[in-house]
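Atoms within a ligand are numbered from 1 in the order they appear, just like the ligands themselves. Position 1 is the first residue of the sequence, and the numbers go up from there.
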Amino acid sequence: MKVKEVMANLEAKHPGESEYLEAVEEVLNSIEEVYNQHPEFEKAKIVERLVEPDRIFTFRVTWIDDKGQVQNNIGYRVQYNAALGAYKGGLRFHPKVNVSMLKFLGFEQIFKNSLTNLPLGGGKGGADFDPTGKSDAEIMRFCQAFMYEMWRNIGPDQDSPAGDVGVGGREIGYMYGAYKKLAREHSTGALTGKSYGWGGSLIRPEATGFGAMYYVERMVKEQNDTMKGKKVALSGFGNVAWGAAIKAVELGAKVVAISGPDGVCEIKNGITKEMIDYMLDMRASNHNKVQEMADKFPTKATFTAGKKSWSVKCDIACPSAFQNEMDENDAKELIKNGVKYVAEISNMGCQPGAIAAIQKAKIPFAPGKAVNAGGVATSGLEICQNAGHINWTAEEVDAKLHKIMNDIYDMCVEYGKQKDGTINYVNGANIAGFMRVAKAMLAQGII
Ligand code: 2IT
């Protein structure tokens with residue numbers, strides 16, 4: 001396999017799908033050497049099969065807004081690869097959603113899900129629907145209209161979506177209600193991220209952020225360093241940043257920045273419990289403005305319009321909002337300000353130029369597919385509980401999540417250790433994730 005040849009082919013077939021092409025290229029660069037040591041992979045055309053989704057559903061979603069106007073959106077589900085299990089991955093509601101974005105996210109999901117060591121295939125979906133400024137009734141009608149089309153293609157043994165940007169517990173609830181009515185069965189494993197009490201798992205809302213901080217804690221320990229007193233910069237103020245903030249504080253670190261599309265909030269003395277709780281209200285309001293944190297806590301947080309979290313001095317930088325949110329200049333500013341660790345919690349949060357700059361400066365960098373895998377892992381645990389009609393306690397789920405993150409960390413080290421003793425976490429995650437999928441594909445024949 002030659003990465004250049006595969007990429008030239010893909011670019012010709014899928015012109016303009018830049019995010020998808022970027023995600024594929026990163027994985028292929030990591031696995032090229034190992035792949036070429038296995039002639040059986042080449043013979044079975046594993047890479048050529050893996051880069052194309054099994055299938056993509058595209059559908060019109062029509063709904064009525066509060067003014068009585070008819071609205072149209074486009075919905076998608078990308079069922080990417082089912083070698084390891086039924087398709088699994090989130091739904092993103094965001095105005096920029098398109099096929100390229102969901103293919104990139106679905107592709108990443110295959111390797112991330114593989115890293116969890118659970119029986120999960122890879123998929124992703126969503127719609128170009130913008131939740132900003134929408135009422136609760138509008139959100140419900142949109143979720144129901146989305147499910148009119150999606151319900152036939154999902155189920156616990158077929159495809160199990162969850163939340164992602166713009167989709168949280170409330171949206172999953174509305175979608176599950178519609179699914180149950182249309183499918184005429186209470187198959188709770190058809191969606192994850194449900195509320196506790198009707199199939200949801202304790203710790204699922206916190207899991208992506210908790211898992212990320214368990215991983216970061218290992219990165220820090222690897223350098224004989226400690227989380228105590230470390231300044232952490234997060235981006236966004238959504239579900240992921242919320243969970244990460246809780247765990248960072250619990251581990252003794254100080255969260256000094258959160259952000260939104262409007263700018264950054266610097267929190268000099270570290271985020272407090274009241275502020276973390278307020279992040280939930282900010283998300284529920286659908287205003288999408290981080291300035292509201294500074295308005296509510298004027299003595300603790302300072303808002304600067306148009307700036308990103310990467311302008312704030314920190315030890316640990318964790319993109320936790322959207323892809324490509326850290327560019328090369330942001331990375332250079334962080335390095336100049338003395339950043340010691342960078343861990344993506346958002347999928348592909350850093351642009352290739354940013355990753356290159358961080359790695360060149362010999363600063364440990366870990367990719368989203370490893371760092372944020374605790375979210376989907378806990379979704380996998382939710383499906384287990386649904387199938388067995390059991391409820392684990394918060395402590396039980398958290399202990400399993402912690403073990404999964406430790407195992408992922410160990411795999412990244414095993415596959416990412418370089419000759420000079422340093423760890424390339426990007427290569428480690430890509431190679432470890434790939435090997436499990438490739439072996440399953442080989443075993444299952446040419447299909
Ligand atoms: O990016 C992700 O891993 C998610 N949005 C969660 C996927 C899931 O199925 O829980």
Side-chain angles (χ1 to χ4, degrees), residues 19 23 76-82 84-94 97 101-127 150 154-156 158-169 171-172 175-176 188-195 199-212 215 236 238-244 318-323 325 344-349 367-386 397 400-401 404-405 408 429 433:
E19 288 172 336
Y76 307 90
R77 185 72 183 166
V78 179
Q79 296 185 335
Y80 224 118
N81 184 288
L84 297 177
Y87 304 103
K88 182 88 198 84
L91 295 171
R92 177 172 290 195
F93 291 170
H94 190 280
V97 160
M101 192 194 292
L102 296 179
K103 276 168 68 178
F104 124 61
L105 289 162
F107 186 73
E108 291 285 285
Q109 200 78 45
I110 302 170
F111 304 94
K112 177 194 323 196
N113 294 4
S114 168
L115 285 170
T116 67
N117 255 320
L118 296 169
L120 304 169
K124 202 85 188 190
M150 259 259 296
I154 65 170
Q158 190 178 172
D159 184 353
S160 174
D164 193 80
V165 175
V167 177
E171 291 75 14
I172 292 291
M175 283 192 267
Y176 187 77
T188 40
L191 283 160
T192 64
K194 302 177 294 292
S195 303
S201 174
L202 291 169
I203 305 292
R204 177 64 190 89
E206 294 88 346
T208 309
F210 277 23
Y215 193 99
N239 168 262
V240 172
W242 168 77
C318 295
S320 32
F322 214 64
Q323 70 266 18
E325 55 178 310
E344 287 179 337
I345 315 185
S346 45
N347 295 301
M348 216 165 76
K369 62 170 77 72
V371 179
N372 73 27
V376 73
T378 308
S379 279
L381 300 177
E382 184 173 330
I383 294 174
C384 287
Q385 293 173 81
N386 294 157
V397 179
K400 289 181 204 299
L401 166 65
I404 290 170
M405 293 313 299
I408 293 176

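The shortest N or O to N or O distance between Asp164 and ligand 1 is under 3.5 Å. Looking at ligand 1, you won't find any N or O of Pro161 less than 3.5 Å from one of its N or O atoms. For ligand 1, one of its N or O atoms has an N or O atom of Lys112 under 3.5 Å away.
With a 4.0 Å heavy-atom cut-off, ligand 1 is reached by no atom of Lys369. When non-hydrogen atoms are compared, ligand 1 lies under 4.0 Å from the side chain of Lys124 (C-beta onward) but not from its backbone. Counting heavy atoms under 4.0 Å from ligand 1, residue Leu105 does not touch it at all.
Considering only heavy atoms from C-beta on, Pro161 stays 4.5 Å or farther from Met175 through its side chain. Two residues are said to be in side-chain contact when any heavy atoms from C-beta on lie closer than 4.5 Å; Val78 and Phe107 fail this criterion. By the 4.5 Å heavy-atom criterion applied to side chains, Glu344 and Val371 are not counted as neighbours. Side-chain contact between Leu91 and Glu171: absent, with no pair of heavy atoms (C-beta onward) separated by less than 4.5 Å. A heavy-atom distance below 4.5 Å is not found between the side chains of Asn386 and Pro156.
Heavy-atom proximity to atom 4 (C) of ligand 1, evaluated over Ala162, Gly375, Gly122, Gly163, is greatest for Gly163.
Here CG of Leu381 is found 4.5 Å from CD1 of Ile404. Values are rounded to the nearest 0.5 Å. Separating the CD atom in Gln109 from the CG atom in Leu120 is a distance of 9.0 Å, to the nearest 0.5 Å.
Among all protein heavy atoms, the one lying closest to atom 7 (C) of ligand 1 is Gly90 N, 3.6 Å. Regarding atom 6 (C) of ligand 1, its nearest protein heavy-atom neighbour is Arg204 NH2, 3.6 Å. Here the protein heavy atom with the shortest distance to atom 9 (O) of ligand 1 is Lys88 NZ, 2.7 Å. Closest protein heavy atom to atom 10 (O) of ligand 1: Ser379 OG, 2.5 Å.
Close approach to Gly89 involves these atoms of ligand 1, each under 4.0 Å from a residue heavy atom: 7 (C), 9 (O). For ligand 1 and Gln109, the ligand atoms under 4.0 Å from any heavy atom of the residue are 1 (O), 2 (C), 3 (O), 7 (C).
Between the side chain of Asn372 and the backbone N or O of Ile345, at least one donor-acceptor pair lies under 3.5 Å. Distance alone, capped at 3.5 Å, places no donor-acceptor pair between the Asp159 side chain and the Gly123 backbone.
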